[in-house]
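Proteins come first, then strands; the chains are lettered A, B, ... in the order of their sequence lines, and each starts at number 1.
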Amino acid sequence: MRASAEPFLSLRGVSKTYRTGGRETVAVSDASFDLGDGEFLALVGPSGCGKSTLLKILAGLHPHDGGELRIGHAGFDPGRDIGVAFQAPLLLKWRRVLDNVMLPAEILGLPTKAARERARDLLALVGLEGNEDKYPYELSGGMQQRVSLARALVHDPKLVLLDEPFGALDALTRERMNLEIRRIWASSGKTVVLVTHGVQEAVFCATQVAVLTAGPARMADHFAVDLPEPRELAIRNTPEFGALARRVYDRLGIA
Amino acid sequence: MGALRRHAPAVLAHLAVLALWAWATSWGGVPRFILPGPLETIRALGAPQIDWWRHVLITAAEAFGGFALAVGIGVMLAVLFTWFAPLRRALMPLLVTLNLIPKVALAPLFIVWLGYGLVPNIAITFVIAFFPIVITTARGLAEVEPELLDLVRTVRATRWQVFRKIQLPSSLPYLFSGMRVAAVLAIAGTIVGEFVGSEAGLGFVIMSAQGTLDTPVMVMSLILVTLVGVTLYGLVVALERLVVTEDARLR
């Protein structure tokens, strides 16, 4: 962690309204929170709560139209310091696994040799050592999603944005990936923002949770997850974990 | 061994058709002026007045030439469409309209414009093979997952990088599916061209033999045309196997 008191990420009343054919839809309203270096934030909420929109605002893909947003410290370049992964692995079918991981590095024009080394290391980190020369269709859904995580990290971004990356996986694979993403996060020291609609997933993975509700879209809660590190799946059976999960369910109006 | 077993049913089906043909023209009682038997058809290759090699090469040159032209110009136009959206909006509906012209009906006009010989037949082959190429390729170039575009936009991919690294390779399966359709059409275009007006080529041989009811020559020409088509189609499929990974191929 940095000694600086300045948070890595700072949002003050960030909002976004879509206008289509004279109708206005508020996608995000009044999102405010700070996130320190190396923290793991989960944005949790139902469909339509604006969590994906918020992520796209952070990624610089959509402009926000209200409030203030500041990302990173001096020297942060949003064009190369952000890595993303989505619900679909979005791998290029015609590229081998290693070359898929290389895509962002190629686009940024990073030195090939060093980037390939890094891509190999990352594939080992996500548990895919020995699969470098396979094609995506030879991998399971969980393995494909690991490739997309390695790709999100290949250009050594400071901020990693994950939009429901495990949403399409079966329950068991998903739990395994929750452990994986924590391990990757802990060993890489990146600041991570994870969008999910899984309450358990959010509380288990994150060091901070922001709860977003739909209709109207707004941020209903934001709290730190003070659970011991490193976490194992069994932590979900503790009263502390239960209390935090219940807090999220309460905010979402789920009894 | 595996390949042999996999292809065995297809090979058997081909042989069965040959056997049926042989049976029908011998014990089956089909008269020879309707359909000659296999041996008699092969004997037509010895007909002294026909230079088979020359006719096969001319038909192949027309089919391959028109097809290559269709691929070249079709892909070029599809690429232009993705780079200049107004051009696509103007020309794509026009192409759909033009595609509805029965292309074979253009053959007489082409002969008026271009005279006899290779050129009008290549032109007819081109117009008939061109549409599936441009339409499927344009669709393939346009069909990129929006989230993948988001992903590369976060690292500020240029328009050119998106085109070269994503759009172009992801359009290849579409291009090849268009090329497979176009290969079949190309042969039909070439033969129609030769029917309407030519002094050489297998279509010309068929028309000449019709005058004398020389069915062995007609059937032999048909077989050779088909072989030219099989060669063209086979080249397309072989090239596809080479450049498109297995799961990306469109069926």
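- Rounded to the nearest 0.5 Å, atoms CD (A:Gln87) and CD (B:Glu147) are 8.0 Å apart.
- Under the 4.5 Å side-chain criterion, counting only non-hydrogen atoms from C-beta, B:Val155 is not in contact with A:Leu103.
- When side chains are defined from C-beta on, A:His155 does not count as touching B:Thr154, because their heavy atoms never get closer than 4.5 Å.
- The 12-atom threshold is not exceeded at CZ of A:Arg23, counting heavy atoms of other residues, nucleotides or ligands nearer than 6.0 Å.
- Distance check, rounded to the nearest 0.5 Å: CD1 of A:Ile107 to CZ of B:Arg164 gives 10.0 Å.
- The two residues B:Gln161 and A:Glu106 have their closest heavy-atom pair at NE2-O, 4.1 Å.
- With a 4.5 Å cut-off on non-hydrogen atoms, A:Leu92 touches chain B through its side chain but not through its backbone.
- When B:Val152, B:Leu148, B:Leu149, B:Asp150 are each tested for a side chain to side chain contact (heavy atoms under 4.5 Å, CB included) with A:Leu90, only one passes: B:Leu148.
- By the neighbour-count criterion of 12 heavy atoms within 6.0 Å, atom CD of B:Glu143 is densely surrounded, having more than that number from other residues, nucleotides or ligands.
- For chain B, the nearby part of A:Asp77 is the side chain; its heavy atoms alone come within less than 4.5 Å.
- At a heavy-atom cut-off of under 4.5 Å, chain A is reached by no residue from residues 57-66 of chain B.
- The distance from the CD1 atom of A:Ile82 to the CG atom of B:Leu151 is 12.0 Å, given to the nearest 0.5 Å.
- At a threshold of 4.5 Å between non-hydrogen side-chain atoms, the residues B:Arg156 and A:Pro78 count as touching.
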